[in-house]
Protein chains: 2
Amino acid sequence: METTTTHQGDQQRSADQRRRELLEAADRVVLRDGPQASMNAIAAEAGITKPILYRHFGDKSGLYRALAKRHTDGLLAALRAAIDASSDRRERVEHTLDTYLAAIEARPQVYRFLMHPAEDSHQSEQGFDVGRHTAPLLRRLGEELGKVIAERVDLGPGGGELARIWAHGIVGMMHGAGDWWLGERPCSRAQLVRSLADLLWGGLSVAEDRPGSPGF
Amino acid sequence: METTTTHQGDQQRSADQRRRELLEAADRVVLRDGPQASMNAIAAEAGITKPILYRHFGDKSGLYRALAKRHTDGLLAALRAAIDASSDRRERVEHTLDTYLAAIEARPQVYRFLMHPAEDSHQSEQGFDVGRHTAPLLRRLGEELGKVIAERVDLGPGGGELARIWAHGIVGMMHGAGDWWLGERPCSRAQLVRSLADLLWGGLSVAEDRPGSPGF
DNA sequence: GACTGCGGTTACCGGTAGTAACATGCGTGC
DNA sequence: GCACGCATGTTACTACCGGTAACCGCAGTC
């Protein structure tokens, strides 16, 4: 079975390359048609037909997962760099927020695809995974940020748990505010970054009550 | 055309009632099958066939919007009550967080449906609404909370903008952390509420650096 | 020259959203 | 009494989706 080693190698290399080509074609279609790009459309863009896609990626969610992994890895790398770019904690937070917002601003279609990678088939039949609504991207961001917080900030005993909670909260805040901002553009990116950092710095707790506000 | 007033009224009333019945049937199916409940299944549950559904609701997203409105209204009412239930601001925030989390904990299927009401067809053809990924529920929650903050907390000049930013950030935090918590259940609800409130109260800014952490 | 493996195709399956066209029962005008 | 709207309901269809089975043709090998 070793008589065709070099040929096997060629085949392997060309298969990987083919896969990369297909992913790039899929990328173009998703960028154009959004998250509901069809397998037919992707195959057509790649100049082939459906069954080949299925041979390479198994099913639609497989293709989408491969596609999402590429972009997610890129965004994660950018965020890690932002976290390490400065030494002051406040600056660090602002840089991270700004990097995320700049990314979703620059390529909103990609961002949208990452958040809704496919409504994803008919997974577990029973109970259909009650949680798990959030995109994998946000989970990964939360876990990564949780690690960073846990290892750099002293939160006392049980700080690991707390770090994860805060991390997922912060990621959610970033996502929620970012999505709203992207839709309405009510202010500049810098303004949004500063405001969110202020919020995290306890802005809500130190502000004064409104004169006529009830109860306070 | 006024000769049939009473009859018209009867028709109208019965049409509204029919609509309500259909929504209840749809509710049962969505609760059972999740967000990808089909129109056929809903029609069958209601004891009728598809075209009637379409006559009442236009299309699938119309039905889903009507369904979502009901639940959203309910949740919003509960949250408003929570906001008004106490006078201390910190308590208010904790009550609000807890009410939201209790709701998604009690009926995760409904929650999940509200967050993914239908991946929503092929709306605007071109550009497909770059933002607008977030569920309408979250938008509404953000706007409502923004109003409450703006009218009760004195944020100085331009405070209205800031209130909206903070509101959408807080809602995002609640949603992100809540979704993660619902999936992994890493701690009690009370613990999560306290931790998130601590985060909003500036916990991240006042914590000490870890001894060996780089840069700080 | 027959054989085999692999990239590629056509043609299909089951199920989805959505629609057209036909049927049927009820109250009203003449 | 009877034809007319008119709303309610049905069956039967289109068009498309994800996914698959079966076949086709061409490399390279024995």
Side-chain angles (χ1 to χ4, degrees), chain A residues 1-22 25-26 29-30 33-67 116-123 125, chain B residues 1-22 25-26 29-30 33-67 116-123 125:
Chain A
M1 79 274 269
E2 284 301 319
T3 57
T4 55
T5 305
T6 62
H7 176 54
Q8 289 273 36
D10 284 6
Q11 291 297 94
Q12 189 59 33
R13 195 181 52 72
S14 108
D16 280 9
Q17 188 167 340
R18 198 91 185 88
R19 188 186 160 95
R20 233 169 295 131
E21 287 171 20
L22 296 185
V29 176
V30 164
D33 296 352
Q36 58 268 84
S38 81
M39 294 298 267
N40 260 325
I42 293 172
E45 170 72 28
I48 49 158
T49 51
K50 267 194 300 178
I52 308 183
L53 280 184
Y54 284 95
R55 284 223 258 265
H56 276 270
F57 300 103
D59 63 355
K60 181 170 183 168
S61 88
L63 198 171
Y64 275 36
R65 253 182 286 123
L67 210 50
H116 275 295
E119 194 60 14
D120 221 19
S121 61
H122 29 334
Q123 37 204 21
E125 307 207 6
Chain B
M1 80 272 270
E2 282 301 318
T3 58
T4 55
T5 305
T6 62
H7 174 54
Q8 289 274 36
D10 284 7
Q11 290 297 92
Q12 189 59 32
R13 195 179 52 71
S14 107
D16 281 8
Q17 188 167 340
R18 198 90 185 89
R19 189 186 160 97
R20 232 170 294 133
E21 287 172 21
L22 296 185
V29 177
V30 164
D33 296 352
Q36 59 267 83
S38 80
M39 294 298 266
N40 258 326
I42 292 172
E45 170 72 28
I48 50 159
T49 51
K50 268 193 303 178
I52 307 182
L53 280 184
Y54 284 94
R55 283 224 257 267
H56 276 270
F57 300 103
D59 63 355
K60 183 169 181 167
S61 87
L63 198 171
Y64 275 35
R65 253 181 286 123
L67 209 50
H116 276 298
E119 196 62 16
D120 219 18
S121 59
H122 28 337
Q123 35 205 23
E125 307 207 5

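Chain letters run A, B, ... following the sequence lines, proteins first, then strands; residues in each count from 1. Heavy atoms only: backbone and side chains are in, while hydrogens, waters and symmetry mates are out.
Checking side-chain atoms of A:Tyr64 against main-chain N and O of A:Pro35 turns up a donor-acceptor pair under 3.5 Å.
Rounded to whole angstrom, the span from the CG atom of B:Asp59 across to the P atom of D:dA15 amounts to 19 Å. If you take CE of A:Met39 and C1' of C:dT16, they are 17 Å apart, rounded to a whole angstrom. What separates CG of B:Asn40 from P of D:dT10 is a distance of 12 Å, to the nearest Å. Atoms CD (A:Glu21) and P (C:dG7) sit 13 Å apart, rounded to a whole Å. If you measure from atom CG of A:Asp33 to atom C1' of D:dC16, you get 14 Å, rounded to the nearest angstrom. To the nearest angstrom, P of C:dT16 lies 11 Å from CD1 of B:Ile42. At whole-Å resolution of the value, NZ in B:Lys60 and C1' in C:dT19 are 17 Å apart. Rounded to an integer number of Å, the gap from CD of B:Gln36 to P of D:dC17 is 19 Å.
Applying the side-chain contact (heavy atoms from CB on, under 4.5 Å) criterion to B:Arg55, with sequence neighbours excluded, gives no partner residue. A search for side-chain contact (heavy atoms from CB on, under 4.5 Å) contacts involving A:Ala41 returns A:Val29, A:Asp33, A:Ser38, not counting sequence neighbours.
Residues of residues 45-57 of chain A that place a heavy atom closer than 4.0 Å to DNA chain C, in numerical order, are A:Ile48, A:Thr49, A:Pro51, A:Ile52, A:Arg55.
Contacts classified as side chain to side chain donor-acceptor pair (under 3.5 Å) and involving residues 44-53 of chain B (residues at least two apart or in different chains) are given here: B:Arg28-B:Glu45, B:Arg32-B:Glu45.
A pairwise comparison of heavy atoms in B:Ala43 and B:Leu53 identifies N-CD1, 3.7 Å as the closest pair. The two atoms that bring B:Met39 and B:Tyr54 nearest to each other are CG-OH, 3.5 Å, heavy atoms only. Nearest approach of A:Leu63 to A:Phe57, heavy atoms of both residues: N-CB, 3.7 Å.
Side-chain contact between B:Arg18 and B:Ile48: present, with at least one pair of heavy atoms (C-beta onward) separated by less than 4.5 Å.
Comparing the end axes of the helix from C:dG1-D:dC30 to C:dC30-D:dG1, each fitted to five base pairs by superposing C1' atoms of four pairs onto the next four, gives an inter-axis angle of 40° (nearest 10 degrees).
In this structure, NZ in A:Lys60 is found 13.5 Å from CZ in A:Arg65, a value given to the nearest 0.5 Å.
Side-chain N/O atoms of B:Arg19 include none lying less than 4.0 angstrom from OP1 or OP2 on D:dT8.
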